[in-house]
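Have a look at the structure below before the remarks.
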Amino acid sequence: MMVGIDPALTSPGVHSRDVVLVAGPWLSGTTSLIAALRDLLPDQTFVEADELGPADAPAAVVFAVSAIAPLTESDCALLDLMGTHTDLIVGAVTKIDAHRNWRDVLAADRAVLAQRAPRYEHVQWVGVAAAPDLGEPRLDELVGVLRQRLTDPDVARRNRLRAWEARLETAIRRYQTDGEGSDRAARVTALRKTREDIVRGRRLAKSERTISLRSQVQQARLQLSHFARNRCTSVRSELQEDAAQLSRRGRSGFEAQVRARVAAVVDEVEEGITAHLRDAAAELTLPAPPVPAPIPPPDIGTPTLNSRRLETQLTMILGAGFGLGVALAVTRLFSGLVPGLTIAGLAAGGLVGLALTVWVVGIRGLLRDRAALDRWVSDVMTALRAALEERVASRVLAVETALTSELAARDDVESATAADRIAEIDAELRQHAVDTARAAGVRDRRLPTLRRALDTVRTELYGAERTEIENCGLTESINNRRSEF
Ligand SMILES: Nc1nc2c(ncn2[C@@H]2O[C@H](COP(=O)(O)OP(=O)(O)OP(=O)(O)O)[C@@H](O)[C@H]2O)c(=O)[nH]1
Ligand SMILES: [Mg+2]
């Protein structure tokens, strides 16, 4: 019949069965009602919902609801499901023996259902008591309605039209959602979001890394220079203290001691630099930078201890003068005290004077050497400090270069991965767009025919006026097709 409108519309896609489906919500009295109906109408087949397949369309649906309360939303949804392919629906309010106000409930049920959809406006409602606690079952009205309606030749035709309506509505809905891409919308939104996240994540990661590299390098430069300076300062004061307390014998070993300390400080600072830079690289999750060959300690020269001639001469003369003075004083003291011992006094004075001269000259020499060594230590430490600061600067610079290029390489790899992922997402988005456009094309091609067919069906079911309202102006003149049904 629909083939006239579209050759593809060959069947409503359901299997019409000559059975009456008795269905209802939980504990509504379905089983009791079915048992009673089977007794009263033995020629009819009554089934419960679980005895029907999804594509089976019963000839009639008896929708049993208890008289205890009016229909709820879930009850109505159940009826929508049960009555999709069947036009003949009879509402049965059960257990009317137990609920005196069942007529009010029935009226409420009728109103609720009529509000739900136009197709429910003409549903007949009856009250039943299939298994009353007292008295006889009351099923006459329901039996009467079923007898009358099931023999009506128009019922089969209307059932078939109803099945068509359901199928056409489903098809139209499917084409519409496909054409609008509604089912793809969630996926498309998710894809767009992922794409944005990737782009933003890349940007963020890049700037974060650059910033943390810069701060690590600056920190390293500052802390290591500070460390090197500190070491130099403390070793300098240590050595200057040693120089100030130097004994005559310790003088020769002092230079070696200074050299050893300088070498130790160089090693210490070098190790400090290596450890700090390794930690900085670890902080940036980069491999430890290579450690360059250690530098030799700076050239610190030798202390100049050979005194100048003039100074020596002056010291000698002053020392001799002092010695002579002391000698004369001792001699006079001796000869004054013991006049007979002039010769001995002379000898003793000479000895004391000589000893004092030697001592003064010696002390003077030691003090001069201490001062010279102190100056030397100072020079050595200045040179060492300069060398270490330069070392810190050059090593930090080398590491900065190495880490920057390492970071750039890593960045390139990540960028490539992100670009691949974005390309994949873009391809999928394009595919969705193409699919949606294609589905919209199919929808635009198919929809007019399907709507025309639906109009035809609805006109048959509700009359032309109703169809106008149903379709919101989509109706076309189809009266000439009526004969095809
Ligand atoms: N008073 C009274 N009770 C009834 C009537 N019909 C059924 N009942 C009671 O309602 C309860 C449920 O009856 P069922 O026929 O098993 O209802 P159902 O809808 O098949 O129940 P489920 O299959 O469990 O959902 C039982 O306790 C019945 O005795 C009736 O007409 N009057
Ligand atoms: Mg049951």
Side-chain angles (χ1 to χ4, degrees), residues 14-117 119-150 155 159 162 166:
V14 290
H15 180 216
S16 302
R17 291 190 50 190
D18 188 20
V19 297
V20 175
L21 169 65
V22 181
W26 187 56
L27 282 183
S28 57
T30 316
T31 307
S32 314
L33 184 57
I34 237 176
L37 284 171
R38 277 176 184 152
D39 277 353
L40 293 168
L41 292 170
D43 297 341
Q44 254 320 317
T45 315
F46 293 93
V47 293
E48 288 207 53
D50 51 8
E51 292 167 62
L52 282 182
D56 285 341
V61 176
V62 173
F63 188 54
V65 282
S66 167
I68 195 165
L71 283 175
T72 63
E73 169 60 33
S74 68
D75 299 341
C76 295
L78 180 68
L79 177 60
D80 287 345
L81 201 69
M82 297 300 166
T84 314
H85 303 295
T86 306
D87 183 64
L88 176 52
I89 291 168
V90 181
V93 175
T94 61
K95 313 185 193 179
I96 57 171
D97 59 302
H99 304 285
R100 284 159 132 239
N101 64 336
W102 68 270
R103 287 195 174 79
D104 298 340
V105 176
L106 186 146
D109 287 352
R110 173 179 287 144
V112 168
L113 213 55
Q115 281 262 307
R116 191 170 176 83
R119 64 167 295 198
Y120 296 135
E121 267 172 25
H122 303 293
V123 167
Q124 270 180 290
W125 281 90
V126 293
V128 295
D133 295 333
L134 284 173
E136 288 297 302
R138 287 158 63 187
L139 289 156
D140 307 343
E141 203 182 348
L142 177 60
V143 169
V145 167
L146 285 177
R147 275 218 179 98
Q148 184 217 329
R149 299 298 301 278
L150 284 171
V155 163
N159 276 346
R162 188 65 69 195

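Every value quoted in this text rests on a predicted model; they were computed, and no experiment measured them. Order of appearance sets the numbers: ligands from 1, and atoms from 1 within every ligand.
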- For the residue pair L113 and W125, establish whether any side-chain heavy-atom pair is separated by less than 4.5 Å. yes
- Message: Is atom 26 (C) of ligand 1 near the protein, in the sense that some protein heavy atom lies at less than 4.0 Å from it?
- Response: no
- At what distance is the nearest protein heavy atom to atom 5 (C) of ligand 1, and which residue and atom is it? A131 O, 3.4 Å
- Query: Nearest to atom 12 (C) of ligand 1, what protein heavy atom do you find, and at what distance?
  - Reply: L27 CD2, 3.7 Å
- Message: Does the protein place a non-hydrogen atom closer than 4.0 angstrom to atom 22 (P) of ligand 1?
- Response: yes
- Query: Where is the nearest protein heavy atom to atom 10 (O) of ligand 1: which residue, which atom, and how far?
  - Reply: K95 NZ, 3.1 Å
- Any side-chain heavy atom of R119 sitting closer than 4.5 Å to one from I89? yes
- Message: Pairs of nitrogen or oxygen atoms closer than 3.5 Å, one from L33 and one from ligand 1: do any exist?
- Response: no
- Return the option from A36, A129, G29, P25 holding the heavy atom at the smallest distance from atom 19 (O) of ligand 1. G29
- Task: With rounding to the nearest 0.5 Å, note down the distance linking CD1 in I96 to CZ in R103.
- Result: 7.0 Å
- Task: Go through R116 and E73 one step at a time and tell me if the side-chain contact (heavy atoms from CB on, under 4.5 Å) criterion holds.
- Result: CA-CA 10 Å; R116 191 170 176 83; E73 169 60 33; 3.3 Å; yes
- Message: Side chain, backbone, both or neither: which applies to V128 and ligand 1 if a contact is any heavy-atom pair less than 4.0 Å apart?
- Response: neither
- Task: Provide, to 0.1 Å, the distance between atom 16 (O) of ligand 1 and the closest protein heavy atom, together with that atom's residue and name.
- Result: T31 CB, 4.1 Å
- Message: Within the structure provided, determine whether L52 and R17 are in side-chain contact (heavy-atom separation under 4.5 Å).
- Response: yes
- Test item: V62 and L146 side chains (from C-beta on) under 4.5 Å apart, heavy atoms: yes
- Query: What atoms in ligand 1 come closer than 4.0 Å to a heavy atom of A98?
  - Reply: 1 (N)
- Task: May I ask you to list the atoms of ligand 1 that are less than 4.0 angstrom from any heavy atom of W26?
- Result: 25 (O)
- Message: Please report whether ligand 1 has a polar contact with A130, defined as an N or O pair separated by less than 3.5 Å (distance criterion only).
- Response: yes
- Can you check whether S66 reaches W102 side chain to side chain, under 4.5 Å on heavy atoms? no
- Message: Using a 3.5 Å distance criterion without hydrogens, assess whether the side chain of T94 forms a donor-acceptor pair with backbone atoms of A64.
- Response: no
- Query: Quick one: does F46's side chain get under 4.5 Å of L33's, heavy atoms only?
  - Reply: no
- Message: Is atom 14 (P) of ligand 1 near the protein, in the sense that some protein heavy atom lies at less than 4.0 Å from it?
- Response: yes
- Message: Any side-chain to backbone donor/acceptor pair from N159 onto L88? Under 3.5 Å, distance only.
- Response: yes
- Message: Main chain of A130, side chain of S32: is a donor-acceptor contact present, judged purely on distance under 3.5 Å?
- Response: no
- Item | In the protein, N/O/S atoms that are found under 2.8 Å from the Mg ion (ligand 2), waters not counted | T31 OG1
- Item | Distance-only donor-acceptor check, side chains E48 and T31, under 3.5 Å | yes
- Under 4.0 Å from a heavy atom of P132: give me the atoms of ligand 1 that qualify, with their elements. 30 (C), 31 (O), 32 (N)
- Message: Under 4.0 Å from a heavy atom of S32: which atoms of ligand 1 are those, numbered in the order shown and with their elements?
- Response: 6 (N), 7 (C), 13 (O), 14 (P), 15 (O)
- Under a 4.5 Å cut-off applied to non-hydrogen side-chain atoms, are D97 and L134 in contact? no
- Message: What I'd like to find out is whether the side chain of D75 reaches to under 4.5 Å of the side chain of L78, using heavy atoms alone.
- Response: no
- Note on the structure: Atoms of ligand 1 under 4.0 Å from any heavy atom of D97, numbered from 1 in the order shown, are 1 (N), 2 (C), 30 (C), 31 (O), 32 (N)
- Query: What are the atoms of ligand 1, with element, lying closer than 4.0 Å to any heavy atom of S28?
  - Reply: 19 (O)
- Query: Touching ligand 1 at all, D133? Heavy atoms, strictly under 4.0 Å?
  - Reply: yes
- Roughly how far apart are T30 OG1 and L37 CG, rounded to 0.5 Å? 11.0 Å
